[in-house]
Amino acid sequence: MAKRAERPGDPAKLIGLLWRPTEAVSRSGLTPKVITRAAIALADQEGLDALTIRRVAGDLGVSTMALYPYIAGRSELVELMLDAVATEVYAHTTPPAQAGQWRARIEHIAQANWDHHMAHPWTVDIAAGRPVPGPGISGKYETELSALDGLGLSDIEMDRTLTAILGLVSNAARETISLRRIRQESSLTDTQWWESVGPSLGKAMAGASYPVARRVAASLGEATGLATDPEGAFRFGLGMLMDGLGTLIATRGQHTL
């Protein structure tokens, strides 16, 4: 299980790191951006467990102390990483506000964030807290809200709609990434795993009756080959969310959006 990064305890210091980073370049070529990119590369490859100031310094070929004039510590570095990768979500794709009608916009937001988590799996391992928004996260928020603007939703409804969409994505991505890690470590498919535990589980459950659960689990396994399908649940849930949102929009006369 990957460790969950703690959110930093000094917001004022983090605001300076995010919004007023030093542009000075040392002899070793260090800048906050260089350090952050090295940390992202490390986390992408090995996860948050591998992320330490010492390891990042080693990858950059400098001493650990050489990094501290540019960053305050590991927790602040994680925040810099999150803000940096947030700029990538829509960097190479159409802004969601230009993706078509409102359903296409929402699907675009969801898919872009799904792809983002798959590209940077460590992003789902960050604990919730009171994050200080940097320019990357602020720009992402503006971009996504712009896709919901003009649909007839109030400002609070826009924020809650976006939060619901991103929550569906991040929760399903977290489960999917966790399952992928487990499958890689075990070298067994879900079907093979069930075949290995099935006989013992059947004996342990002898006399117990769960007819609906048994039927549904069997149907899921036959249809997907999976013991659990968080990505499928996410896409099904997104469809239900859009159906409900469509009803709300229609009642407010926004039929052409």
Side-chain angles (χ1 to χ4, degrees), residues 1-8 18 32-60 71 73-93 96 107-129 131-134 136-137 139-141 143-144 162-190 193 224-238:
M1 177 68 180
K3 71 175 70 170
R4 293 186 178 272
E6 296 180 359
R7 308 309 286 242
L18 287 165
K33 183 179 291 187
V34 168
I35 296 168
T36 301
R37 285 298 169 189
I40 291 169
L42 173 59
D44 283 350
Q45 185 172 4
E46 300 184 33
L48 283 180
D49 281 347
L51 184 68
T52 65
I53 301 300
R54 182 183 298 275
R55 176 64 190 279
V56 174
D59 288 351
L60 289 169
I71 57 173
R74 182 182 185 274
S75 58
E76 286 81 7
L77 178 56
V78 169
E79 298 296 322
L80 294 174
M81 294 162 60
L82 284 171
D83 198 69
V85 296
T87 65
E88 301 173 1
V89 177
Y90 302 104
H92 304 293
T93 187
E107 290 173 349
H108 190 52
I109 290 171
Q111 187 63 50
N113 279 276
W114 177 268
D115 293 342
H116 172 65
H117 290 311
M118 295 301 111
H120 303 291
W122 54 271
T123 57
V124 302
D125 292 324
I126 309 299
V132 175
I137 289 174
K140 178 177 180 291
Y141 185 54
T143 296
E144 290 169 339
L162 179 59
T163 299
I165 295 166
L166 299 184
L168 279 172
V169 175
S170 63
N171 288 335
R174 183 178 299 109
E175 292 185 38
T176 298
I177 290 167
S178 177
L179 286 169
R180 288 181 181 179
R181 290 167 177 162
I182 291 170
R183 289 163 184 152
Q184 289 172 355
E185 292 171 1
S186 70
S187 300
L188 295 176
T189 66
D190 282 13
W193 182 80
T224 66
L226 303 173
T228 182
D229 183 19
E231 182 178 356
F234 144 59
R235 299 193 184 281
F236 182 73
L238 182 65

Closest heavy-atom contact between [X] and [Y]?
| X | Y | result |
| --- | --- | --- |
| His108 | Pro96 | CD2-CA, 3.3 Å |
| Ala173 | His117 | CB-CB, 3.8 Å |
| Ala110 | Ile165 | CB-CG2, 4.2 Å |
| Ala112 | Tyr90 | CB-CE2, 3.5 Å |
| Leu18 | Glu79 | CD2-O, 4.3 Å |
| Arg37 | Thr87 | NH2-OG1, 4.4 Å |

Quick one: side chains of residues 226-234, donor-acceptor pairs under 3.5 Å with protein atoms, not counting sequence neighbours, listed by atom name and distance.
from: Asp229; atom 1: OD1; to: Gly232; atom 2: N; distance (Å): 3.1
from: Glu231; atom 1: OE2; to: Arg235; atom 2: NE; distance (Å): 3.2
from: Glu231; atom 1: OE2; to: Arg235; atom 2: NH2; distance (Å): 3.2

Audit row: Arg74, Leu48, side-chain contact (heavy atoms from CB on, under 4.5 Å) steps and yes/no: CA-CA 10 Å; Arg74 182 182 185 274; Leu48 283 180; 3.9 Å; yes
Let me confirm one number: the [atom1]-[atom2] distance from [X] to [Y], rounded to the nearest 0.5 Å.
| X | Y | atom1 | atom2 | answer |
| --- | --- | --- | --- | --- |
| His116 | Thr123 | NE2 | OG1 | 4.5 Å |
| Asp59 | Gln45 | CG | CD | 8.5 Å |
| Met81 | Ile40 | CE | CD1 | 6.0 Å |
| Asn113 | Leu168 | CG | CG | 11.5 Å |
| Met118 | Ile177 | CE | CD1 | 4.0 Å |
| Leu82 | Ile126 | CG | CD1 | 5.0 Å |

Check against side-chain contact (heavy atoms from CB on, under 4.5 Å), Leu162 and Ile109: CA-CA 9 Å; Leu162 179 59; Ile109 290 171; 4.2 Å; yes
Electrostatic pair Arg181-Asp49, nearest N-O below 4.0 angstrom: no
CA sep, side-chain torsions, deciding dist, call: Glu144, Leu166, side-chain contact (heavy atoms from CB on, under 4.5 Å): CA-CA 10 Å; Glu144 290 169 339; Leu166 299 184; 3.9 Å; yes
Side-chain donor or acceptor of Ser178 paired with backbone N/O of Arg174 under 3.5 Å: no
Main-chain N/O of Gly136 paired to Asp83 side chain as donor or acceptor, under 3.5 Å: yes
Residue among Ile71, Leu80, Val85 satisfying side-chain contact (heavy atoms from CB on, under 4.5 Å) with Thr36: Leu80
Gln111 and Asp115: side chain donor to acceptor below 3.5 Å: yes
Criterion side-chain contact (heavy atoms from CB on, under 4.5 Å) on Leu42 and Trp122, from CA distance to verdict: CA-CA 10 Å; Leu42 173 59; Trp122 54 271; over 6 Å; no
